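Below is one structure, written out as C-alpha cells; comments come after it.
Computed from a predicted structure; not experimentally measured. Remember, it's 1-based here, ligands and their atoms both numbered in the order they're listed.
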Amino acid sequence: MYRTHNCGELRISHVGETVTLAGWVQIGRDFGGLTFIDLRDRYGITQLVFNMDENPELAEQARKLGREFVIQAIGVVRERSNKNPNRATGDIEIEVTRLTILNGSKTPPFTIEDESDGGDDLRMKYRYLDLRRKPLQKKIIFRSQLAIESRKYLAENGFLEIETPYLIKSTPEGARDFVVPSRMNPGQFYALPQSPQTFKQILMVAGMDKYFQIVRCFRDEDLRADRQPEFTQIDCEMAFVHQEDILNTFEGLTKALFKKTLGIELDDFPRMSYDEAMKLYGSDKPDLRFGMVFSELNDLAKGHGFGVFDEAELVVGICLKGQADNMSNKDFKKLTEWLKRPQIGAKGLVYVKFQGDGSIKSSVGKFYSDEQLKTWGDRMGAEAGDVLFILSGEAEKTRNQLSSLRLELGNRYGLIKEGDFKPLWVVDFPLLEWDEESGRYHAMHHPFTSPKKEDIPKMESSDKKVLGAIRADAYDLVLNGSEIGGGSIRIHDRALQERNFKLLGFTDEEAEAQFGFLMGAFEYGAPPHGGIAFGFDRLAAVMNGSASIRDFIAFPKNNQGRDMMIDAPAPISEEQKEELAIKTIEKLN
Ligand code: ASP
C-alpha cells in the first residue's frame with residue numbers, strides 16, 4: 001500500500017496511529033536536532049519530523065531530500081507542540097520511522113508556492129509543475145465540480161448526453177475554421193467544429209428531444225486573455241419549446257451550479273431587451289454590479305451654442321457619486337487621454353462637478369449657465385459631491401465609448417463589490433447586424449436563429465432600416481458583465497431558412513452546398529426547437545471572480561496559440577505532407 005491516508009486528512013483524533021503517507025516534498029527545514037519536511041499532495045500538507053538524536057541515519061536521509069522529491073513516509077501521528085491554525089492538519093505531525101524515496105526531482109524552474117516567481121510561458125512549459133500549485137489545483141477541481149453538477153442537473157431534467165463529430169465541414173459563416181487534411185480524400189479537408197450547432201438541431205429532427213454535451217469548440221481567431229483557440233461549451237438543444245422554456249431551464253441550471261459549487265442562492269434573473277441594454281448601458285452585456293445608468297441629454301444640451309453637442313447625434317452621460325471634490329483637472333485630463341486612445345476613440349470628455357460647497361464647475365461652463373447644468377444633474381439624479389461625465393457624437397459609437405468609461409470608473413472607484421454576482425438575461429436581439437467591411441448583413445447570432453413571428457414579413461423588405469429592425473428570438477445570459485451563454489429559437493422550416501440565407505447574401509447554390517443537409521432534414525418533420533450554449537471555461541472563471549479563463553483549463557495555449565509544453569503547432573515531415581497530398585497542392589500552386 002502506498003498510503004493509508006492523504007496529506008490533508010490527519011487530525012488530533014488520529015494521534016497514536018501508525019500511518020503511511022506519500023507525496024511531494026514542499027520544503028525541508030533543519031533545526032539543530034530536528035528536521036521538518038512539509039509533505040504535499042492534492043489534499044493538503046502534513047508535517048513530517050525526524051529526530052537526529054533518536055534516529056540519526058533517518059534524519060540524515062531526510063536532510064538530503066530535495067524539493068519536489070516523491071517520498072513515502074511511515075510513522076506515528078503525534079500532537080504538535082507548536083500548532084499551525086492555518087492548516088487543516090496543523091494540530092499534528094508524523095514522527096517518521098521509515099522513509100522511502102519513490103522518485104527524485106530536479107530543482108524546479110520556479111517555486112511551487114501560492115505565489116510563483118515563474119513567468120507565463122515558463123509556467124506553461126512546465127504545466128505539470130504549475131498545476132501542483134494550490135491556487136491552480138483549486139481552479140481545476142472547481143471546474144471538475146462544475147462539469148459534474150452540470151451533468152447531474154441536465155440528466156435530472158431529462159437531457160441526453162450525445163456526442164457529435166469533431167471532423168466536419170468548413171463553412172465560411174462565423175469565425176475562421178481550423179482545418180484538417182484528409183489522407184483518404186487527397187486535396188480535401190475537414191474542419192473542426194466552431195460549435196455543434198447543426199448537429200444538435202438535426203438531433204431534434206431525429207426526435208432526441210433534449211440534448212446536451214460538454215463539448216470542445218474550435219475557433220481560429222486572434223487571441224485575448226479570455227479567449228482560447230479551443231474552448232468548452234455546455235451545449236444544449238430542446239424540442240417543442242418556446243424561448244420562455246429555455247430561459248427557465250437554464251436559469252435553473254445556473255442557480256443549481258451556484259448553489260452546489262459555491263453555496264450561493266441566486267435570486268430570479270432580471271431581463272432586459274437588447275435595445276434597453278444598449279440605451280441604458282451602451283453594451284449588450286451590462287455589468288449590473290453597479291449603477292451609473294446612461295442619461296440622454298439631447299433635449300437639454302443642444303441649441304446653446306456649443307458646436308460639439310449641436311452637431312452630435314447623441315449627447316449622453318453618467319453620474320459618479322461622491323467624487324467631485326476628489327477629482328482634479330489633472331484627473332479629467334488623464335481620463336480624457338484614456339478615452340482618446342484608439343481602442344476607445346472618443347473625441348473628448350465633458351464634465352460637470354457638483355462640488356460639496358454647492359458650486360458647479362464644468363468644462364463647458366462657458367456655454368451653459370449653472371441653472372442649465374443643474375437640469376442635467378437633475379436628470380441624472382446628481383447631488384452635491386457628484387460628477388457627470390458626458391460624451392457626444394454618433395449614437396452607437398458614443399454609447400460604446402461611454403460603456404468603456406462606465407466600466408473604468410466602476411473599477412477605479414471601487415464600485416464593484418467582490419463576491420457579488422449579478423446575472424441578467426438580455427433578450428430580443430436583432431436578427432441581423434450590418435457589416436461595414438463586406439457591405440452586407442451578417443447574422444447577429446447565427447443563420448439558424450428564428451426571427452420573431454411578427455417580424456417575418458419584414459424579411460421581404462429591401463430597406464436597410466426595416467431589415468435592421470427585425471428582432472430575433474435570441475437571448476444571452478450575462479453575468480457580471482461577461483457573456484456566459486447565448487442561444488436562440490431556431491428556424492425549423494425550409495422556406496424560412498432559405499429566405500434567411502438570401503438575406504445573408506447566400507446564393508441558392510451556396511446555401512444548398514453548405515447547409516442542404518439541414519434544410520433537407522427540415523423537410524422530414526422538424527419539430528420547433530431551440531437551444532443555448534454556455535461558455536464553460538468563462539463560467540468557471542467568472543464564478544471565481546477571475547478575468548482570465550486560462551487557469552481554468554488544464555492545458556491552455558498562450559497568446560500566440562502555442563502549447564508551450566508539447567511545443568505545438570509544429571512542422572510535419574515531408575512523408576506526412578506527401579501522404580496528405582499537401583506536397584501535390586504546393587506543386588500545383
Ligand atoms: N451554437 C451557438 C454558439 O456557439 C449557441 C446556440 O445557439 O445554441 O454560440
May I have the list of side-chain donor-acceptor pairs in residues 505-513 shorter than 3.5 Å, sequence neighbours left out?
residue	atom	partner	partner atom	Å
T507	OG1	E510	N	3.0
E510	OE1	T507	N	3.0
E512	OE1	R494	NH2	2.8

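Between Q197 and ligand 1, at least one pair of N/O atoms sits closer than 3.5 Å.
At least one heavy atom of K200 sits closer than 4.0 Å to an atom of ligand 1.
The contact set between ligand 1 and G487, taken as ligand atoms under 4.0 Å from a residue heavy atom, comprises 6 (C), 7 (O). Atoms of ligand 1 found under 4.0 Å from any heavy atom of S195, numbered from 1 in the order shown, are 1 (N), 4 (O). Heavy-atom contacts of I532 reach the following atoms of ligand 1: 8 (O) (cutoff under 4.0 Å).
Only the side chain of R490 comes within contact range of ligand 1, with a heavy atom under 4.0 Å; no backbone atom does. Under 4.0 angstrom from ligand 1, the non-hydrogen atoms of A533 come from both its backbone and its side chain.
Stacking of K200 on the aromatic ring of Y211 is not recorded, the 6.0 Å distance cut-off and the 45° axial limit not both being met. For the pair R406 and F290, the cation-pi criterion (under 6.0 Å, within 45° of the ring axis) is fulfilled.
Donor-acceptor pairing under 3.5 Å is recorded for the side chains of R143 and T232.
A salt bridge does not link E156 with K152: none of the charged nitrogens is closer than 4.0 Å to a carboxylate oxygen.
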